[in-house]
Amino acid sequence: MKHSQAPTSRRTPAHALLRRAVAGALALTLALGGPAWAQVRLPSLGESGSDELSVSAERHLGEQIMRDVRRDPEYLDDPVLLEYLQSIWGPLVQAARQRGNISPDLEASYPFEAFLVRDRSVNAFALPGGYVGVHLALINLTASADELASVLAHELSHITQRHIARSISVNQRQSLVALAGLILGVLAARSNPDAAQAAIMGGQAAAAQGQLAFSRDMEREADRIGQAVMRGAGFAPSGMASMFERLQQANRLNDSGAYPYLRSHPLTSERIAEAQARLGTDPAQAGNSRPEHTLMRARARVLMETTAQAWQRLQDFDRTQADSGDDRLAALYTSVLASVQLRDFARAVPAFAAGERLVAAGPPQPRRAREWGLLGVELAVAQGDAAAAEKRLRALPADASRPRVLLAGQSALLSSDAALLKRRCESLQSWTSDHPGDALAWSELSSCAERQGQKLRAVRAHAEARAALGDWAGAIDRLHAGQRLARSGAGQDFIESSVIDARLRQLEAQRRALMEESRGRGGQREPAQ
């Protein structure tokens, strides 16, 4: 499965400092609820404090941040792991709707999007406008879907209760614009660590964090509402208390700064006791059983690493577990995926076969079997074996899920079957029509169209992939290239040519509007390039 790759070069101390600053600036919630801000009074949603940052302004700020986040190397679009995250996130959002936590204006304005961050620190964070980021290390730490759901429900409640807006006083409205500039500036400075370090040493990052400080009252409110949302979504509310305990124990064993979630969400004994008390005397809810959770933990464990040395260590996971059970299968999954990252297929193939036998011999668990089957297709695609990939695709449920659609497209690109490639291109075209923000699907469609000799469609799909990542300048450049191609006579496709012209006008208008708005606010920074 193709997904964004982080650079594997050795990180310098300055780069390490930059990573910490980026994480702090992105989160907006790091260091929130700490002693310096513990006395912030929690206004109700009806008070004027909640009006200081309108829903539309918060959405705009979130979109501005996300345009840069999506092009950051640490942003990870792994279809398999993201599908699993969304399978937990989606029911939580739906439960929040049913409980009335999501007001009509939030429903109309916020995308309620959860995304992955390739990072070895345990963290999750809410951004303005309805976005929640989850570090891979946090997924790896969780023991069950219920524990992961507790974190997502907590962050979702920060959004639905508008804690960011409620943290901003009247005299801080203008500083929010500066905060957005800081976040985007630090991200843009990734290629220039010295410049970023100078800004950090100036104290700007610390000031930005302080501006959106959540009080302890807000943390308690997010706990309380989040736990109720969990229950409504079918997850065991006990997952929140057990996750708190897990985080606290992990921090006791290793207080090296690798657990920023514990600093942004202080886990006092009182909060843990409150989470346990809210369970009441009701019979314990069974929770949302997810037998595939151990496999997704394994996937997060591998993908959060970026070095050959780390992947080589993970290859040996299958030699440390017993010969049966979920832990054994998760160890084999870890070994196979790490071997794929290393292109060590001599090691991956037997490990995958051992896992396949384990799945077949165990009790029927369709979800777990599906995830193992997707890994098999991923392995075959990485090997360049179209026949094996197609065979394993046929063994999977015939669903229209994103991982299956994208893997099927990659398999067809390896095949010499022109009819198969045509069908898969049409499937990708249908998928992008329904999901225009899917950069990976657009990129794959571009490759499919190129293979079929559809030059204009390939150029436009490439442009849409750039636009979906927030790279409007790159998208506009590709669309201009498409216009030149059409004028040269090399692309004889009137419909595609017309679509390119219309899309170019639309993107240029959006870019001009953003620049004018930036100038109107007194900003000096150009929109995301």
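Counting from 1, the numbers follow the sequence of the chain as shown. Here the structure is a predicted model, which means the values were calculated and not measured.
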Arg99 side chain vs Gly232 backbone, donor-acceptor pair below 3.5 Å
no
Glu245 and Gln276: side-chain donor and acceptor closer than 3.5 Å?
yes
Between Pro79 and Leu440, is any pair of side-chain heavy atoms under 4.5 Å apart?
yes
Could you pull out the closest heavy-atom pair between Val132 and Leu152, with the gap in Å?
CG1-CD2, 4.3 Å
Have Arg299 and Tyr333 got a donor and an acceptor in their side chains that come within less than 3.5 Å?
yes
Any sub-3.5 Å donor-acceptor pair from Ser109's side-chain atoms to Leu106's backbone N or O?
no
Under the 3.5 angstrom rule, does the side chain of Trp89 hit a backbone N or O of Phe112 as a donor-acceptor pair?
yes
Sidechain-backbone polar pair: Ser446 side chain, Trp442 backbone, donor-acceptor under 3.5 Å:
no
Can you sort out the partners of Ser430 under side chain to side chain contact (heavy atoms under 4.5 Å, CB included), two or more places apart, ordered by chain and number?
none
Is it true that the side chains of Glu221 and His163 contain a donor and an acceptor less than 3.5 Å apart?
yes
Geometric class of the Trp431/His435 ring pair [parallel <30°, tilted 30-60°, perpendicular >60°]
parallel
Could you pull out the closest heavy-atom pair between Leu445 and Cys425, with the gap in Å?
CD1-O, 3.7 Å
Euclidean distance, Met230 CE relative to Ile225 CD1, rounded to 0.5 Å
14.5 Å
Any donor-acceptor pair under 3.5 Å linking the side chain of Ser339 with the backbone of Ser335?
yes
Between Thr432 and Leu428 (side chain of the first, backbone of the second, donor and acceptor by atom type, cut-off under 3.5 Å), is there such a pair?
yes
Reported CG-to-CD distance for the pair Leu337 and Gln315, which is rounded to 0.5 angstrom
11.0 Å
Is there a donor-acceptor pair closer than 3.5 Å between any side-chain N or O of Ser411 and the backbone N or O of Ala408?
no
Between Asp471 and Arg71, is the closest basic N to carboxylate O distance under 4.0 Å?
no
Taking Arg424 first and then Glu390, would you say they form a salt bridge - that is, a charged N and a carboxylate O separated by under 4.0 Å?
yes
Find out whether His158 and Phe125 are in side-chain contact, i.e. whether some heavy atom of one side chain is under 4.5 Å from a heavy atom of the other.
no
Any salt bridge between Asp417 and Arg423, counting N to O under 4.0 Å?
no
Quick check for you: to the nearest 0.5 Å, what is the distance between Gln64 atom CD and Arg67 atom CZ?
6.0 Å
Under 6.0 Å between the ring centres of His293 and Tyr84?
yes
Polar side-chain atom of Arg404 near backbone of Leu393 as donor-acceptor pair, under 3.5 Å:
yes
What are the two closest heavy atoms between Val405 and Glu444, and how far apart are they?
O-OE2, 4.0 Å
Using a strict cut-off of less than 4.0 Å between a Lys/Arg side-chain nitrogen and an Asp/Glu carboxylate oxygen, indicate whether Arg347 and Asp318 qualify as a salt bridge.
yes
Does a side-chain heavy-atom distance below 4.5 Å link Leu116 with Leu85?
yes
Please confirm whether the backbone N or O of His135 pairs with a side-chain atom of Arg120, one donor and one acceptor, at under 3.5 Å?
no
Check ion pair Glu371-Arg367 (N to O, under 4.0 angstrom):
no
Is Leu136 close to Leu81 at the side-chain level, that is, under 4.5 Å between some pair of heavy atoms?
yes
Any side-chain heavy atom of Leu374 sitting closer than 4.5 Å to one from Arg370?
yes
Any idea how Phe352 and Trp372 line up, ring-wise: parallel (<30°), tilted (30 to 60°), or perpendicular (>60°)?
parallel
Find out whether Asp72 and Val117 are in side-chain contact, i.e. whether some heavy atom of one side chain is under 4.5 Å from a heavy atom of the other.
no
Sidechain N-carboxylate O distance under 4.0 Å for Arg313, Asp316:
no
Ala124 versus Val151, closest heavy-atom pair with distance:
CB-CG1, 3.7 Å
Is a side-chain donor-acceptor pair under 3.5 Å present for Glu63 with Tyr131?
no
Enter the distance from Asp223:CG to Met218:CE here, rounded to the nearest 0.5 Å.
13.5 Å
Would you call Glu147-Arg290 a salt bridge at under 4.0 Å N-O?
no
Under a 3.5 Å distance rule, please check whether Arg118 uses its side chain to pair with a backbone N or O of Leu303 as donor and acceptor.
yes
So Met240 and Phe244, do their side chains get closer than 4.5 Å, heavy atoms only?
yes
For a quick test of reading the model, state the closest non-hydrogen atom pair linking Asp119 to Met304 and the distance between them.
O-CB, 4.0 Å
Does a donor on one side chain and an acceptor on the other come within less than 3.5 Å for Arg97 and Gln94?
yes
Test item: Leu396 and Val377 side chains (from C-beta on) under 4.5 Å apart, heavy atoms
yes
